[in-house]
Amino acid sequence: MRINKIRPCMFIYRNRQCGFVIRFPRRWLPFIVPDRKIHFIDANESSLSFRFRYKGKIYDSIFRISISPLTGRAWRRFFAPSPVKFLVEHKGLTFGYALPEELPEEFVENEVKFRRAIQIFEKLVDEVPMVLKSFHFINRPKFEFNRCRCLGREKRRILAKRISSRKKQ
């Protein structure tokens with residue numbers, strides 16, 4: 001993960017593991033914190049969250065990028081009941097994104113105290129589809145579901161067991 005400043009009005013988030021770049025408006029810089037690594041959810045999905053920062057504290061995500069080895073119909077079937085929207089398919093991986101369905105819990109509990117934070121959070125969430133138009137690839141993803149180099153030993157063992165049991169069926 002790397003953040004570069006390119007123009008006075010933009011900054012770039014670069015993810016070398018997945019090989020993509022996103023350009024963010026400069027005004028997002030004080031409010032966004034990308035996860036340092038990709039989180040394994042299951043054999044069909046991993047995710048990378050971009051969290052909201054306000055006055056030094058980090059809250060829930062503004063949006064989440066979902067990475068899946070499923071493509072085409074299989075991807076649409078798997079993600080149909082979820083809020084994940086299609087972003088792009090690239091080199092055997094499908095990328096989607098999900099927006100939060102509600103405000104962070106702390107904001108809801110104390111709306112008066114977090115009034116300004118709520119306004120900023122909602123504005124950023126509204127701008128996510130426009131920001132993701134800048135999503136593009138710089139190289140081949142190093143992230144591979146089959147090998148799962150980013151996973152711990154136990155998760156790799158579980159995933160390998162699932163894959164081998166599917167092949168036997």
Side-chain angles (χ1 to χ4, degrees), residues 1-4 10-25 28 31-52 58-105 121-169:
M1 173 206 60
R2 210 164 112 191
I3 294 178
N4 285 346
M10 302 290 271
F11 75 91
I12 291 180
Y13 168 79
R14 214 178 242 121
N15 186 301
R16 296 201 189 285
Q17 189 176 12
C18 290
F20 68 82
V21 168
I22 302 174
R23 288 187 181 152
F24 289 95
W28 280 50
F31 304 111
I32 191 165
V33 178
D35 282 349
R36 293 193 182 274
K37 57 184 189 175
I38 296 169
H39 299 282
F40 176 78
I41 297 171
D42 63 26
N44 292 321
E45 183 182 16
S46 289
S47 72
L48 178 68
S49 292
F50 292 80
R51 300 190 184 283
F52 181 65
I58 298 172
Y59 298 93
D60 293 348
S61 64
I62 299 169
F63 70 99
R64 175 179 61 92
I65 292 185
S66 174
I67 307 155
S68 174
L70 300 175
T71 57
R73 285 186 188 153
W75 187 89
R76 285 191 296 278
R77 259 186 268 125
F78 183 79
F79 286 100
S82 76
V84 177
K85 297 176 184 146
F86 177 81
L87 190 57
V88 68
E89 193 175 303
H90 180 72
K91 309 261 183 179
L93 293 175
T94 303
F95 293 78
Y97 72 96
L99 301 174
E101 294 178 353
E102 54 191 38
L103 291 169
E105 191 176 318
F121 184 84
E122 288 176 340
K123 182 174 172 102
L124 295 178
V125 168
D126 288 344
E127 292 177 355
V128 168
M130 181 266 312
V131 167
L132 289 178
K133 287 180 181 177
S134 72
F135 183 98
H136 67 278
F137 292 92
I138 52 174
N139 57 23
R140 183 170 177 83
K142 294 175 185 169
F143 180 75
E144 296 180 27
F145 272 83
N146 296 341
R147 295 193 185 125
C148 296
R149 292 179 187 154
C150 62
L151 305 178
R153 182 180 299 159
E154 182 63 21
K155 286 186 179 177
R156 279 197 306 263
R157 186 185 62 73
I158 292 169
L159 182 58
K161 193 183 285 186
R162 284 183 191 165
I163 292 170
S164 65
S165 67
R166 286 183 186 161
K167 287 180 182 177
K168 290 176 185 176
Q169 296 173 351

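Nothing here was measured: the structure is a model prediction, and the numbers come from that model.
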- Task: Look at the rings of F50 and F63 and say which category their plane angle falls in: under 30° parallel, 30 to 60° tilted, over 60° perpendicular.
- Result: parallel
- Task: Please work out whether the ring planes of F24 and F11 are parallel, tilted or perpendicular, with thresholds of 30° and 60°.
- Result: parallel
- Query: Can you tell me if S66 uses its side chain to pair, donor with acceptor, with the backbone of S47 under 3.5 Å?
  - Reply: no
- Short side-chain to backbone donor-acceptor contact, S49 and D35, under 3.5 Å: no
Can you confirm whether [X] sits close enough to [Y] that some side-chain heavy atom of one is under 4.5 Å from a side-chain heavy atom of the other?
X	Y	answer
W75	V84	yes
P100	D60	no
K85	L99	yes
C18	I67	yes
T94	F79	no

- Query: Does the separation of the ring centres of Y97 and F135 fall below 6.0 angstrom?
  - Reply: no
[X] versus [Y], closest heavy-atom pair with distance:
X	Y	result
R23	S134	N-OG, 2.9 Å
G72	E89	N-OE1, 3.5 Å
S46	I38	CB-CG2, 3.6 Å

Just verifying a value: how many Å separate [X] [atom1] and [Y] [atom2], rounded to the nearest 0.5 Å?
X	Y	atom1	atom2	answer
I62	R51	CD1	CZ	10.5 Å
I32	Y13	CD1	OH	9.5 Å
F52	L103	CZ	CG	10.0 Å
K133	L87	NZ	CG	12.0 Å
N15	I138	CG	CD1	8.5 Å
E45	R64	CD	CZ	5.0 Å

- How about W28 and E127: does a side-chain donor come under 3.5 Å of a side-chain acceptor? yes
